[in-house]
There are 2 protein chains.
Amino acid sequence: MSQDRGKSDGTVGKALEILDLVASFGRPVRFSDVLERAPFPKATVYRFIQTLTSQGMLSYDPDRQTYAPGIRLVRLAHSAWQQSSLAPIARPHIDALAQEVGETVHLAQLDNAQVLYVDKIVPGQPIEMYSQAGKVGPAYCTGVGKAMMAYLEPEHLAAVIAQQSFHVFTEYTLASEQALRAELMDIRTNGYGFDREEHEPNIICAAIPILTAQGRVLGALSVTSSTQRTNLAALEALVPRILRAAFAIACEAESWRFPDQSNMQSAQAAKG
Amino acid sequence: MSQDRGKSDGTVGKALEILDLVASFGRPVRFSDVLERAPFPKATVYRFIQTLTSQGMLSYDPDRQTYAPGIRLVRLAHSAWQQSSLAPIARPHIDALAQEVGETVHLAQLDNAQVLYVDKIVPGQPIEMYSQAGKVGPAYCTGVGKAMMAYLEPEHLAAVIAQQSFHVFTEYTLASEQALRAELMDIRTNGYGFDREEHEPNIICAAIPILTAQGRVLGALSVTSSTQRTNLAALEALVPRILRAAFAIACEAESWRFPDQSNMQSAQAAKG
DNA sequence: TTTCAAGTTCCAATATGTGAAACTTGGTTT
DNA sequence: AAACCAAGTTTCACATATTGGAACTTGAAA
């Protein structure tokens, strides 16, 4: 679960490592919980937690004496989701796609070496955003993960692969670098890939990368279903439709410019 | 828009200041855009941006040569929203409330000296989460902002007030500390407050703080409408119902413990 | 009262961050 | 093609912030 973000980004990198560590617990934690897993001495961890808390990146619950990721992150993520994710651009496309094919559509991007889902549409369901966006999954055994990896430059790919756990989830999980690399080559040949119950039993999907004109990986799109409802051949038949959506998203992402509001910035906020 | 998070939290604080600065533009920015507004010399800003980018807190678009808040924030915010915000607990309550009263319900918390909306339910509308959660607004001229301020301890209140801009949005905006303090006293007496078109013309709301048993401010709840649809007296009639929701949320927030999953942590993620 | 774990503070040594200035890059003008 | 300029990047001596061992405080339990 630890991540080699670069190597050493000095104090800031270490502080963010602590932030990630707190987040990784998935529940509010005590100082000692953090200390236990942190690769720094007590006083150092203490100072980082103090700083992060004072900065609003962590929130402290005085009743329970616990720390959790702070709401300042929610505000920052609002900007991030709008500006750095494909979701705002992709939303109409994946919405239409989900409606047409009648299956769940995922939009994902790479975060470090993990798959980060930035949007999810379940046809007919109202959208429960934060509970879905922000979720992470393994790259080596999900459709979107493999689709993205297949189009990374060799260097970057090597770095990503080096961070995969190759944990065996099901009998179909690709459990070695060798198997994965072979699969990636296949995906490159076809232009699309599948998840053949590699991560969860009965869950299958067809996934397609979203690429810039220069071939840079922006993200990936997948249509997910279960073996009870359908099969790989049927999903494969949807590929042209998914491809159209992926292409449309890529086009818009490249031509998209933020409306120039630099001067009409909301003057509403706190003191300037 | 600048914020005095504590005073100086050393290097980490400065780096986060740059992060906030980038986010504050509301659009992808060039290095020089950041430099222009940053209170640090070129080389220093440069190093921070490099570090933040390498850390995934900023994302860099090589085509356009711009920086924007990075998707790592989305992952972190997922944890933050689940653990530090009232939203997951409050959702059923505010959902029911919105349905019953047939008006928009906001759930907000304080982030530094600003109001941060963590959830919003529009009755009959599907939920568009990230586009709403994460939004910020001024504390001194919103119902939720005033409701929360009314119950802060004097010290904290002073700090928050000191950061208000008192920008005049409408003819009803409380434009001075004095006027605001008088209003807060009123709110304390009643236990609830209003937004009387103070922020936007025609927009009114009734707001109620969410407090722990010890009186600590957790957040605030509001029912929003417009002068075309209703009036303050009608909103005031809803107060008991809103109060019930706020109380229910406060109770659950206090008794809530995260299910102890410390050992069954998802083994799915990247390398351990 | 004693004990212990958890959390907090201190401070000398030194690793880190700082920022003026020099340099490189890529595009535009003469 | 040469000169120019703005934007971005690198360098390095200096100063400061970070480091972490150890001592201290707190609060709960024996």
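Here is the naming used below: chain letters follow the sequence lines, and residue numbers restart at 1 for every chain.
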Any ion pair linking [Y] and [X] (charged N to carboxylate O, less than 4.0 Å)?
X     : Y      : answer
B:R72 : A:D111 : no
B:K14 : B:D9   : no
A:D33 : A:R30  : no

Quiz item: Any side-chain N or O of A:R30 less than 4.0 Å from the OP1 or OP2 oxygen of C:dG7?
Solution: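 For C:dG7, OP1 or OP2 has a side-chain N or O of A:R30 closer than 4.0 Å.
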Quiz item: Would you say a side-chain N or O of B:Y46 is under 4.0 Å from OP1 or OP2 of D:dT10?
Solution: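 Yes, within the criterion.
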Self-check item: Any pair counted as side chain to side chain donor-acceptor pair (under 3.5 Å), so long as it reaches residues 210-219 of chain A, sequence neighbours left out
Solution: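 Output for this query lists A:R216-B:D63.
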Measure from the side-chain N and O atoms of [X] to the backbone N and O of [Y], and report whether any donor-acceptor pair falls under 3.5 Å.
X      : Y      : answer
B:Q83  : A:Y67  : no
A:Q109 : A:Y117 : no
A:Q65  : A:D61  : no
B:H93  : B:A246 : no

Protein-nucleotide distance ([X], atom [atom1]; [N], atom [atom2]), rounded to Å:
X     : N      : atom1 : atom2 : answer
A:E36 : C:dA5  : CD    : P     : 14 Å
B:F31 : C:dT25 : CZ    : C1'   : 15 Å
B:Q65 : C:dT25 : CD    : P     : 14 Å
B:R64 : D:dG8  : CZ    : P     : 16 Å
B:D33 : D:dA6  : CG    : P     : 16 Å
A:I49 : C:dA6  : CD1   : C1'   : 13 Å
A:Y67 : C:dT8  : OH    : C1'   : 10 Å

Dump the pairs, protein N or O against N or O of nucleotides 13-15 of chain D, anything under 3.5 Å, distances to one decimal.
none

Exercise. Apply salt bridge (charged side-chain N to carboxylate O under 4.0 Å, His left out) to A:R181 and list each qualifying residue two or more places apart in sequence or on a separate chain.
Key: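 Here the qualifying residues are A:E177.
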Self-check item: Qualifying residues under ring-ring contact (aromatic ring centres under 6.0 Å, His included), relative to A:Y46, sequence neighbours excluded
Solution: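 Per chain and number, A:Y46 pairs via ring-ring contact (aromatic ring centres under 6.0 Å, His included) with A:F31.
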Practice problem: Specify the closest pair of heavy atoms between B:G191 and B:P209, including all atoms of both residues, with the distance to one decimal. | Solution: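 Looks like O-CD, 3.7 Å.
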Exercise. If a protein heavy atom is under 4.0 Å from the base, mark B; if only from the sugar-phosphate, S; if neither, -; do that for nucleotides 17-23 of chain C going 5' to 3'.
Key: SBBB---
Quiz prompt | Degree of bending in the helix from C:dT1-D:dA30 to C:dT30-D:dA1 once both end axes are built from five pairs, to 10° | solution =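 Roughly 30°, once rounded to the nearest ten degrees.
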